[in-house]
*Asks:* 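Quick one: this structure, given as structure tokens, is what I'll be asking you about.
Labels below follow one simple rule: chain letters A, B, ... track the order of the sequence lines, proteins then strands, and each chain is numbered from 1.
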Amino acid sequence: MKPAPFGYADPTSVAEALDVLAAEGDGAKVLAGGQSLIPLLSMRLAAPTALVDINRVAGLDRISASPDGVRVGALVRHAHLLASAEAAAVQPLLGRATANVAHPAIRNRGTTVGSIAHADPSGEMTAVLAVTDGSVTVARPDGSTTVGWRDLFVGPLETSLHGAAVVVDAFFPALAPRSGTAFAEIARRKGDYAVCGAAVVVTLDEDRRVAAARAAYLSVGAMPEVHDLTDAVGGKPVDSADWTAAGELARTLVDPDGDLHASADYRRLLVGALTARTLAEAAAEAERRTP
Amino acid sequence: MTTKYFGEPVRRREDARLVVGKGRYLDDIGADAYAAAFVRSPHAHARVVDVDVGPALDVEGLLAVYTYEDLTGPMAEPLPVLIPHPQLTHARTGYPLVKDVTRHVGEPIVMVVATDRYVAEDAAEKIAVTYEELPVVVGVDAAEAARVLVHDDVPGNIAARHHQETGDVEAALAASRHTLSFTQYVERSASMPMEGKGVHARWDDADSSLRVYSSTQASTSVRAAIAAKLQLSLEKVEVIAPDVGGGFGVKIVHPWPEELLVPMAARLLGHPVKWVEDRREHFVSSAHERQQRQEITVGYDDDGRITALDVLVWHDNGAYTPYGIIVPINTATQLLGPYDIPVYRAQVFSVYTNTVVVTPYRGAGRPQGCFAMERTMDRIAQERGLDRAEVRLRNLIQPDQFPYDWGLTFQDGRPLVYDSGNYPAMMAKLMALVDWAGFPARRAEAEARGRLLGIGMAPYVEGTGPGPYEGAHVQVLGSGKVLVSTGLTSQGQGHETVFAQLVASELGVPMEDVEVTTGDTRRFGYAVGTFASRAAVVSGNAVALAARGVREKALRIAADVLEVDASDLEIADGVVGVKGTPGATIPLRTVAVLSNPLRYAFDEAARQATQFAGTSDDSKPPVSPGDAPGLEHTDYYSPIRSTFASGAHAAVVEIDPATWEIEVVQYAVVHDCGTVVNPMIVEGQVHGGVAQGVGGALYERMAYDRDGQLLNASFMDFLMPYASEVPPVDIDHQSTPSPLNALGIKGAGEAGVIPGSAAIASAIEDAVGRRIAAMPISPSELYDLVRSPSAERVINSSPHETGAMA
Ligand SMILES: Cc1cc2nc3c(=O)[nH]c(=O)nc-3n(C[C@H](O)[C@H](O)[C@H](O)COP(=O)(O)OP(=O)(O)OC[C@H]3O[C@@H](n4cnc5c(N)ncnc54)[C@H](O)[C@@H]3O)c2cc1C
């Protein structure tokens, strides 16, 4: 379990990183925290011609929270985001989800942006990016663009980014007024990738009735999907909304696969149970945040 | 008075070194060594048609490539069958490198040696092997069906038919008031030590000798195997087990191909060579355990007392039988547990499959046996409408029935005779510890919270400390340091501490003065190895005997010097003194100096032992006839047969009916390993065992597909419990000393793992009311079970309903 030979560059600016990536062509890979990439290299499941290590690039390790949302730089480690009260105040899902990413040692090294660039449908942050309707900023030799999550994820472990591209940050819009969120997942062992997880947002109207309910799931599809569950609970006051019915609706909307750890049916069961549980929790929070 | 060591919770002295990273493991040795890597079979069953090493030859840094064609003499013969058995009629083993047919994914086909491991893997990747794939056998059911043979010349895939009985079981079943029959399965798991295997070999050309470090549980026997296979004289080979990061059984098997090939290469290349197993290799080329299908028929009376038991076990031994049939013999004989069963028959079919070999993993067949027996007890209780504890109590062997001779043969080839025990008292302790009688109230409380709670129990009896022997050497140096060595190896159990405690107690010296070495053939050449919960029993008694020998000699010499009778002397804190006479003393280190009459005074201490120092009696030769210089003694302990430890576990599980997640919320253990040398170490062994028991029950499974590919050969997908999945363990001790050895010790190493699956299966069954007939079980499988219309419904009687419990 030793990687095949590869070239290595550790640029100090995004521009320099893009130069190296452009020069190397498709065989090069960005290295961030390495918590996903290095195991793939060691098992020789990936054999990039070169690694472009962005850890020395200045300015990428910042979290900036504004009333619009939270911008998370490419070198922000999971642990940093988890500890950020400013980020949690603007978008509470960030802390709630990050707490479920792996184990402390991995959170100290792995990056939130890396986990989005990795596009793992079992990842917490891909689901959070989706349910918050977030985007990433992509630097390319010809300039920077904003890519919305729907355009970013194209398949399991696959994004639309090709060639010389560095994701410099991810942007998670702020939680809207009269809204609440919740996150829950079920993993075989504490810290494992989830067998199933749910990230939800519930928004109330001015009469404290459910105006919108939407959910994104982990380990359920080939890439993050957001499902609108408003039909099951819309217009209902929080305490009389039938969250179980929303869970039932969610079960009909997803199409999970089975694997070694869980059958497709079991995942569907969990989608129902987690949906009901998290929506109720998110709605309670939305009530508290509704004047 | 000397500090008391024996029986005290002395802190493990090896831990300071190990936890701060100062351990010296195999990979810490020989940074300049060449590295070996292997091309391993990607197919479960295939003929190797061609090996083309050509493309690898231009990899810079490549030093050598070896295939079967390069093996000569005994190296070209099959690997040994370590434990032959008359009923193992079709033993088969592989070759160090595949000769023409590979029989499981992971078998080594080519060894590559290069300047480092990276280069070795680069070269290995370029070697092109052409295979002709053959049909594959996976699982005991397919092995039994035998539509495909793993070995052409082994009919029915049957390696061994093992059969033992204590009477006419068919007649006894026919005469039984009730009978029931059922079939159940246990899946594959594995030892999975943190440190995989590893070998470092250094050939000394001038001396024509070989030094091998191996991460092994049996260095003396590895040494003998290497000498035999490489045709070296035994004294030219030394084998050392450095710090070993866990074994749990997989490292008792030897010689592994790498243990022969790495020394061979070191000798041929005239340069140290090292191979460190990586995790992926460990999954597919080390050993697994546990898979069985069990067909059980039991006869019993109205009160739930067993009148006859008939067990048929289909045991998956993997592709080869290097370790014989020890595992299924353990299942067949240890299944009986603490119960008085009048007529018993066990039949085992040990069968070949195209999977990794099956050899002992902590518990070694006993967890499966316990699962068979305890699930039987649960079924009898359910059928009779009795409390599960009550049925067990009614069937126990009583304290006055010891020694209890089963009339069967144990895995050590000796009669299966339980030496001592007190099973009713043990069960009473367990029921108090887990509050068995109070459980219905807890269940009701959980139900109110929307949770399902279940309880299960499983006692066991474990044969421990088998022979043939272990030995030990104890020596007091002129510095006062006491050197202890035993040939048996350590993998983190705490041997350094326990053996030092024994020597400090026997000899009357401070523990700090005692230094323990294990598993180094330079220090002690005769040994068997670390397995079957035998270190404290067999080496422990040998160490105590050796220390006693030193003590006797010390007293004899001191008696001469102090001109008193040896029986008037005592040793405390490293000083020999006359009982009741303060002042008349001589330090043990001085006795050590005097024990070795000298001509040359190389240091201050030595002066006292030279010819003009006036310390010797000139009417006698300096060394008396029959005596030897030096304050040292070697002794051996060879047990007449195994000693039988016992215990009982109870588990409480809580299940969320919305998600079917299973949490073990309480785990209680009563443990009886006879006299305890160090209760802290025994508890640590129990904790680790319970963790592995939980793993076997709820998490671990080797997921082979029908093509013999292991789908979860990584720690990402082969789930071992983390600390977060292991419940707190409540332990209560009972001590029924063994009458078989002077210290009264029974083994404690494996016990913790044995009843895990049985107790947890019982608890889950109790919680959900559905029959559990296969383990492990995941939440996803539990969900399938509870909604399957064909799942058998099960109702346990609570203690209150039968009124059986006090
Ligand atoms: C034992 C273990 C358990 C884990 N459990 C979880 C879990 O429960 N949930 C979870 O979400 N993750 C889990 N992870 C993965 C972890 O969160 C990773 O840190 C994360 O997925 C990737 O982040 P990284 O910074 O380590 O990226 P890297 O490993 O460095 O890179 C991952 C991929 O993203 C690309 N990449 C990274 N950064 C950029 C960038 N700025 N621009 C363009 N491409 C980029 C790389 O080229 C590579 O292809 C686990 C990892 C381990 C080892």
Side-chain angles (χ1 to χ4, degrees), chain A residues 1-6 35-36 38-45 47 100 102-106 120 122 184-198 219 243-244 247-248 251 256-278 280, chain B residues 35 37 59-61 114 116-126 196 276-283 656-663 694-695 698-705 710-726 778-784 786-787:
Chain A
M1 292 216 287
K2 303 286 185 203
F6 55 83
Q35 300 302 296
S36 297
I38 298 294
L40 291 174
L41 258 60
S42 292
M43 290 192 269
R44 296 193 180 219
L45 294 172
N100 288 277
H103 314 272
I106 289 153
D120 191 335
S122 307
E185 69 174 45
I186 287 177
R188 289 299 316 278
R189 302 169 300 183
K190 194 167 172 14
D192 279 356
Y193 279 104
V195 163
C196 180
S219 305
W243 305 116
T244 311
E248 291 302 322
R251 289 171 66 147
D257 281 331
D259 61 21
L260 284 178
H261 306 300
S263 66
D265 269 4
Y266 180 61
R267 285 209 161 88
R268 209 182 285 279
L269 172 84
L270 295 184
V271 164
L274 292 178
T275 301
R277 212 178 268 179
T278 50
Chain B
V59 171
E60 205 183 311
D116 66 42
R117 178 68 179 249
Y118 291 82
V119 176
E121 290 191 20
D122 293 345
E125 205 177 42
K126 291 197 154 65
V276 177
E277 184 178 58
D278 67 33
R279 189 56 56 185
R280 194 159 50 176
E281 289 184 292
H282 188 80
F283 270 101
D656 179 347
T659 62
W660 301 102
E661 287 169 284
I662 306 162
E663 190 187 352
V694 169
L698 299 176
Y699 297 99
E700 297 167 9
R701 168 200 306 275
M702 290 292 172
Y704 274 105
D705 71 8
L710 185 56
L711 302 178
N712 57 345
S714 83
F715 280 164
M716 178 114 164
D717 283 319
F718 178 80
L719 310 179
M720 296 168 74
Y722 302 130
S724 45
E725 280 65 50
V726 179
S778 68
S780 183
E781 289 161 330
L782 182 59
Y783 175 53
D784 287 342
V786 292
R787 68 202 171 111

*Asks:* Measure B:Y783 against the heavy atoms of chain A and call it side chain, backbone, both or neither at under 4.5 Å.
*Replies:*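 For B:Y783, the contact with chain A is made by the side chain alone.
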*Asks:* For A:N100, give me all partners under side-chain contact (heavy atoms from CB on, under 4.5 Å), at least two apart in sequence or on another chain.
*Replies:*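 With neighbours one apart ignored, the set is A:E124, A:F183, A:E185.
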*Asks:* Using non-hydrogen atoms and a 4.5 Å limit, figure out which bit of B:R279 sits close to chain A: side chain, backbone, both or neither.
*Replies:*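 Backbone plus side chain of B:R279, per the 4.5 Å heavy-atom cut-off to chain A.
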*Asks:* Heavy-atom distances under 4.5 Å only: say whether B:E125 touches chain A with side chain, backbone, both or neither.
*Replies:*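 Just its side chain gets close to chain A.
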*Asks:* Shorter than 4.5 Å, heavy atoms on both sides: which option in B:D122, B:L711, B:V119 has the most such pairs with chain A?
*Replies:*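 Most heavy-atom pairs under 4.5 Å with chain A: B:D122.
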*Asks:* Any salt bridge linking B:E121 with B:R280? Criterion: basic side-chain nitrogen under 4.0 Å from a carboxylate oxygen.
*Replies:*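 Answer for the salt bridge query: no.
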*Asks:* Against chain B, work out which of A:L270, A:D265, A:D259, A:L274 has the most heavy-atom pairs shorter than 4.5 Å and name it.
*Replies:*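 Among the listed options, the one with the most contacts to chain B is A:D265.
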*Asks:* Report yes or no: does A:S219 contribute a side-chain atom to a donor-acceptor pair with the main-chain N or O of A:A194 at less than 3.5 Å?
*Replies:*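 Yes.
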*Asks:* Closer than 4.0 angstrom, basic N to acidic O: yes or no for A:R188 and B:D717?
*Replies:*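 Looking at A:R188 and B:D717, the cut-off is not met.
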*Asks:* Using the test side-chain contact (heavy atoms from CB on, under 4.5 Å), find all partners of B:E700 that sit at least two apart in sequence or belong to another chain.
*Replies:*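 Result, side-chain contact (heavy atoms from CB on, under 4.5 Å) vs B:E700: B:S189, B:Y361, B:F718, B:M720, B:P721.
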*Asks:* Who wins among A:M43, A:R44, A:H261 for the most heavy-atom pairs under 4.5 Å with chain B?
*Replies:*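 With the most close heavy-atom pairs to chain B, the winner is A:R44.
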*Asks:* Do A:K2 and B:D116 sit within salt-bridge range, that is, some charged N less than 4.0 Å from a carboxylate O?
*Replies:*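 B:D116 and A:K2: not salt-bridged.
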*Asks:* Using 0.5 Å steps for rounding, measure from the OH atom of A:Y266 to the OG1 atom of B:T659.
*Replies:*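 OG1 of B:T659 is found 5.0 Å from OH of A:Y266.
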*Asks:* Given heavy-atom pairs under 4.5 angstrom as the criterion, report whether the side chain, backbone, both or neither of B:E725 touches chain A.
*Replies:*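 Just the side chain, heavy atoms under 4.5 Å.
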*Asks:* For A:P3, is it the side chain, the backbone, both, or neither that has a heavy atom closer than 4.5 Å to a heavy atom of chain B?
*Replies:*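 Both parts, backbone and side chain.
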*Asks:* Taking every non-hydrogen pair under 4.5 Å, which of A:R277, A:H103, A:K190 racks up the most with chain B?
*Replies:*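 When all of A:R277, A:H103, A:K190 are compared, A:K190 has the most.
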*Asks:* Please determine, among B:A723, B:A658, B:A703, the option with the most heavy-atom pairs under 4.5 Å with chain A.
*Replies:*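 The option with the most such pairs is B:A658.
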*Asks:* Under 3.5 Å, side chain of A:R267 to main-chain N/O of A:D257, donor-acceptor pair present?
*Replies:*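 Yes: the side chain of A:R267 pairs with the backbone of A:D257.
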*Asks:* Measure distances from B:S778 to the heavy atoms of chain A and classify the residue's part below 4.5 Å as side chain, backbone, both or neither.
*Replies:*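 For B:S778, backbone and side chain are both near chain A.
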